[in-house]
Undergrad: 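Dropping a structure here in C-alpha cells format, bear with me for questions.
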Amino acid sequence: MMGLSHNALWVLASMLMLGTAAGLAGCFAYWKRQSLMSDALAHAALPGVVIGFAILGFKSLPVMLLGAAASALLGAWAVTAIRAHNRVKEDTAMGIILSVFFGLGIMLLTMVNRMPGGGQSGLDGFIFGQAAAMVRQDMRTMTAVAAVVLLVVLISFKEWKLYLFDPAFARGIGLSGRLMEAAYLTLLVVIIVIGIQAVGVILMAALLIIPAVSARYWTNAFGTMLALSALFGGGAGVAGTYVSTLGDGWPTGPFIVIAAAGIFLLSLVFGTRKGLFVKAMQRRAQMRRLKPQAVRRDPLAEGEALP
Amino acid sequence: MEPVLQVRGLHAAYRRTKVLDHVTFDVMPGTLTAIIGPNGAGKSTLLKTMLDLHPRLGGEVRFFGTAYRNAKLKVGYVPQRGSVDWDFPTDALDVVLMGLYGRIGWFRRPGRRHRELALEALDKMGMADFAKRQISELSGGQQQRVFLARALVQDADLYLLDEPLAGVDAATERAIMEMLKTLRAAGKTVMVVHHDLQTVEDYFDHVLMLNRTVIAHGPTTEIFTQDTIARTYGGWLRRKERVTG
C-alpha cells in the first residue's frame, strides 16, 4: 500500500475497524437468527439522516447520525410491535419496515435535494456509501466507536455465548434478558449508524451478514467464529474501500460487498468444517473404506445368479 | 418443615387461551415429583410461569419463602432439549461450564477448577469421553445428559426439569433417573415434567396431576389412581386403559 496518501491510509484504517466491529456484531445477529434485522435497521436509518439534515439546513454528521440512530430504533420498535400485536411473522414484519422506511427516506431525500442548496448535501452518498467523502473527524468517531464495540465483546464474551445459545437458561442464572437484548440492539444500531456514511444504507447489512456466515464454514468454536468473522469483515472493508478509491466517485458499498462475497465463496468451497470441497473429500474417503466390503458381498462375485 | 416451593392461585394464558387456571400447590423438600397431564395441560407453561419466563396473569410463587428473583441460584432449570439450537458452535464441556457462570461471576473467565467441576459432572452422567465433542454430533440422549450435567454443576436445591426423558434411549433414561434419585438422597427437591404414565409409580414418590388446574397432588401411592388419571386425561381413554388395565 505504498504510495497511498496519508488521508487514504486513514480511510483504510477506519474501514478496518468498522469491518472488524461489524463482523463481531454480525455473529450475534447470525445466532439470534436475525440477520435480516440488521438489513431492516440499516434501511430504517435513511429517513433519520435526511430529517437530521433538513432540520439544520446544512451537513452536520453528529446530528445526521443521531437522526439515523433514532429512526433505526423506531424501525426496530415497529418490527417488535407489528409482531407482538398481530399474527405476522418476524421476517414479514422486517420486510415491511425495511421497504417502508427506505421508501420514506428516498421520498424525503428527493424533496431535500430540490431545496435550495440541497443538491450539494452529499446525502446521496448515504445510499451506496462514499468512504472518500469522510473527513478526519468522521474517521476518528468511527474508529473510536468500533474500538468500544471490540472491547465490549472481549469483556463479555462468555455472557454473549450463554445468551445466544440458551437465553432461557441465561435468565435462570441471573443474566438479564432485557439487558442483553438492549445491548445487542445498541451494538447493532451503533455499528450501522457509524457505517452508513461509508458503506451506504442499502449494503450496510452485507458487512454484518456475510463475514459471520463465511466464518461458520471454518470452525466449530464460537470464539474462533467471532475472530474469523471480525477478520473477514475487516478484510472486506479494507479491500473494498481500497478498490473504490482507485476510481473517481466510485461508491464504496458495492466494492465491499463484492470483496465479502469473494470471501464467502472461498469459504463455501474450501471451508475446513462445512466447505463443499472438504465434504466431497470426506465422502470419497468413506466410499473407499466401504468398497472392499461391498465387493465381497456381491452375489455375482460368488457365482450366484440374480433371480 | 417449610415447603421449598409454594404456588398460590397461578394464572397464565397464551394470547386469549387460558392455560393455567388457579394453580395452587406446595412442594416439600427432599421429594421427587412428576408433573403429568395431557398435551396442552400447561405442564411446561407452569414451569416457565413460575420462573418468570412466561407472563403471570395472577397468583403468587415463592421459592424458599421468597420471590424467584431472590432465589435464582438455588433453582436449577433444565429446559426442553428442543429449546436450543444444537448447531451452535461449542462442545459438551463448554455447555456444562455455563452452569457455573453464576458462580464464576459475570465478565470473568472460567478457571481450571471450574473445568474440573464440569468434567466431574459430565462423568457422573457417563459423558466424560464426550467432553470435547461438538454438541451437534451428540445423539439426542447424549445432548439431554449434557443438559443434566449443566444442571448438576449449578448445585441448586430445587431442580425443575422439562421432559428430560422425552425421546431418549434406555441408557440415558437410566442415567437420568439415577442422578435424580442421588439428588433426592442428598436432600434436594426435584420436579419433572413427565409423559410416560407407566413409569410414574416406579420413578416418583410424588405426583402433580395437571390439566390447566391441579386435579390431584400428593404421594404417588395415595393419589395416582384410576379415578384421578381419568379425571386428568378426560377423553384420553386409550392411555388410561394401558396403564390401569
Side-chain angles (χ1 to χ4, degrees), chain A residues 27-35 83-88 151-181 183 212-229 271-274 282, chain B residues 15 44 47-48 50-54 63 68-81 83-91 93-110 114 132-137 146-147 150-151 153-156 158-160 162:
Chain A
C27 277
F28 297 168
Y30 178 91
W31 286 112
K32 278 197 66 118
R33 304 263 171 239
Q34 278 196 337
S35 292
R83 213 177 56 122
H85 298 294
N86 298 283
R87 284 174 182 275
V88 177
L151 201 69
V152 166
V153 174
L154 273 179
I155 290 173
S156 49
F157 167 73
K158 144 173 148 285
E159 284 68 30
W160 286 107
K161 184 162 66 178
L162 173 63
Y163 171 68
L164 293 169
F165 173 63
D166 196 344
F169 186 80
R171 282 167 72 173
I173 60 172
L175 185 64
S176 162
R178 213 173 288 169
L179 182 82
M180 291 305 281
E181 180 74 31
V213 184
S214 307
R216 186 71 187 99
Y217 284 97
W218 297 95
T219 178
N220 269 337
F222 183 60
T224 317
M225 182 178 168
L226 279 179
L228 278 178
S229 182
T272 47
R273 286 292 166 189
K274 295 182 163 203
Q282 282 170 345
Chain B
R15 297 198 183 273
S44 295
L47 294 193
K48 285 184 191 153
M50 292 191 313
L51 298 171
D52 298 333
L53 292 169
H54 184 81
F63 291 90
Y68 173 61
R69 63 172 180 279
N70 303 324
K72 270 183 178 171
L73 292 182
K74 285 180 159 185
V75 181
Y77 169 52
V78 181
Q80 284 186 20
R81 186 161 47 86
S83 68
V84 303
D85 183 355
W86 290 92
D87 201 31
F88 193 84
T90 189
D91 57 37
L93 184 69
D94 212 28
V95 172
V96 179
L97 269 173
M98 289 177 186
L100 289 167
Y101 281 10
R103 235 190 300 166
I104 293 169
W106 303 118
F107 313 120
R108 288 223 185 113
R109 294 281 149 106
H114 301 118
K132 281 289 156 194
R133 187 72 67 87
Q134 269 299 301
I135 55 169
S136 59
E137 290 166 9
V146 170
F147 257 18
R150 181 176 70 174
V153 296
Q154 272 185 278
D155 198 24
L158 167 66
Y159 283 103
L160 304 170
D162 202 347

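Throughout, a chain's letter reflects where its sequence line sits, starting with A, and its residues are numbered from 1.
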Undergrad: Among B:V75, B:L53, B:L97, B:D91, which has the most heavy-atom pairs under 4.5 Å with chain A?
TA: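 Among B:V75, B:L53, B:L97, B:D91, the one with the most close pairs to chain A is B:L53.
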
Undergrad: Dump the intermediate steps for salt bridge (charged side-chain N to carboxylate O under 4.0 Å, His left out) on B:R150 and A:D166, then the final yes or no.
TA: CA-CA 12 Å; B:R150 181 176 70 174; A:D166 196 344; 2.8 Å; yes

Undergrad: So, A:K32 and B:D85, do they make that salt bridge, N to O below 4.0 Å?
TA: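 Salt bridge flag = no for B:D85 with A:K32.
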
Undergrad: Select one option (side chain, backbone, both, neither) describing which atoms of A:R273 are under 4.5 Å from chain B's heavy atoms.
TA: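 No part of A:R273 comes within 4.5 Å of chain B.
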
Undergrad: Roughly how far, to the nearest 0.5 Å, is CG of A:L162 from CE of B:M98?
TA: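 The distance works out to 5.5 Å.
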
Undergrad: Tell me, side chain or backbone of A:L154 under 4.5 Å from chain B's heavy atoms, or both, or neither?
TA: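 The backbone, not the side chain.
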
Undergrad: Check whether NZ of the Lys or CZ of the Arg A:K158 lies under 6.0 Å from the centre of the six-membered ring of B:F107 and within 45 degrees of that ring's axis.
TA: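 No, A:K158 does not sit over the ring of B:F107.
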
Undergrad: Please assess A:R171 against B:Y77 for the test side chain to side chain contact (heavy atoms under 4.5 Å, CB included), listing each intermediate value before the final yes or no.
TA: CA-CA 10 Å; A:R171 282 167 72 173; B:Y77 169 52; over 6 Å; no

Undergrad: Can you classify the ring geometry of A:F165 versus B:F88 as parallel (below 30°), tilted (30 to 60°) or perpendicular (above 60°)?
TA: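 A:F165 and B:F88: tilted rings.
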
Undergrad: As an exercise, state the distance from CZ of B:R133 to CG of A:N220, rounded to the nearest 0.5 Å.
TA: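 So the CZ of B:R133 and the CG of A:N220 are separated by 12.0 Å.
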
Undergrad: Heavy-atom count around B:R108 CZ within 6.0 Å, excluding the residue itself: above 12?
TA: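 Atom CZ in B:R108 is not crowded, with 12 or fewer foreign heavy atoms closer than 6.0 Å.
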
Undergrad: Side chain, backbone, both or neither: which part of B:L51 has an atom under 4.5 Å from a heavy atom of chain A?
TA: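 Contact with chain A: none, neither part.
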
Undergrad: Just wondering, do B:Y101 and A:E159 contact through their side chains at under 4.5 Å, heavy atoms?
TA: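 A side-chain contact is absent here, since even the closest heavy-atom pair is not under 4.5 Å.
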
Undergrad: Which heavy atom in A:G174 sits nearest to a heavy atom in B:W106, and how many Å separate them?
TA: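 Minimum heavy-atom separation between A:G174 and B:W106: C-CZ2, 3.8 Å.
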
Undergrad: Between chain A and each of B:D94, B:I135, B:V78, count heavy-atom pairs under 4.5 Å; write down the option with the most.
TA: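 Looking at each of B:D94, B:I135, B:V78 in turn, B:D94 comes out on top.
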
Undergrad: Any heavy-atom pair between the side chains of B:P89 and A:W31 that's under 4.5 Å?
TA: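 They are in side-chain contact.
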
Undergrad: If I measure from the heavy atoms of chain B, does A:A84 come under 4.5 Å with its side chain, its backbone, both, or neither?
TA: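 For A:A84, the contact with chain B is made by the backbone alone.
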
Undergrad: When rounded to the nearest 0.5 angstrom, what is the spacing between CD1 in A:I173 and CD1 in B:I104?
TA: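 Nearest 0.5 Å value for the CD1-CD1 distance: 8.5 Å.
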
Undergrad: So which atom in B:D87 and which in A:R216 form the shortest heavy-atom distance, rounded to 0.1 Å?
TA: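 Nearest heavy atoms, B:D87 then A:R216: O-NH2, 2.8 Å.
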
Undergrad: If you draw a 6.0 Å radius around CZ in B:R103, do more than 12 non-hydrogen atoms from other residues or ligands fall strictly inside?
TA: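 Yes, the 6.0 Å shell around CZ holds more than 12 heavy atoms from other groups.
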
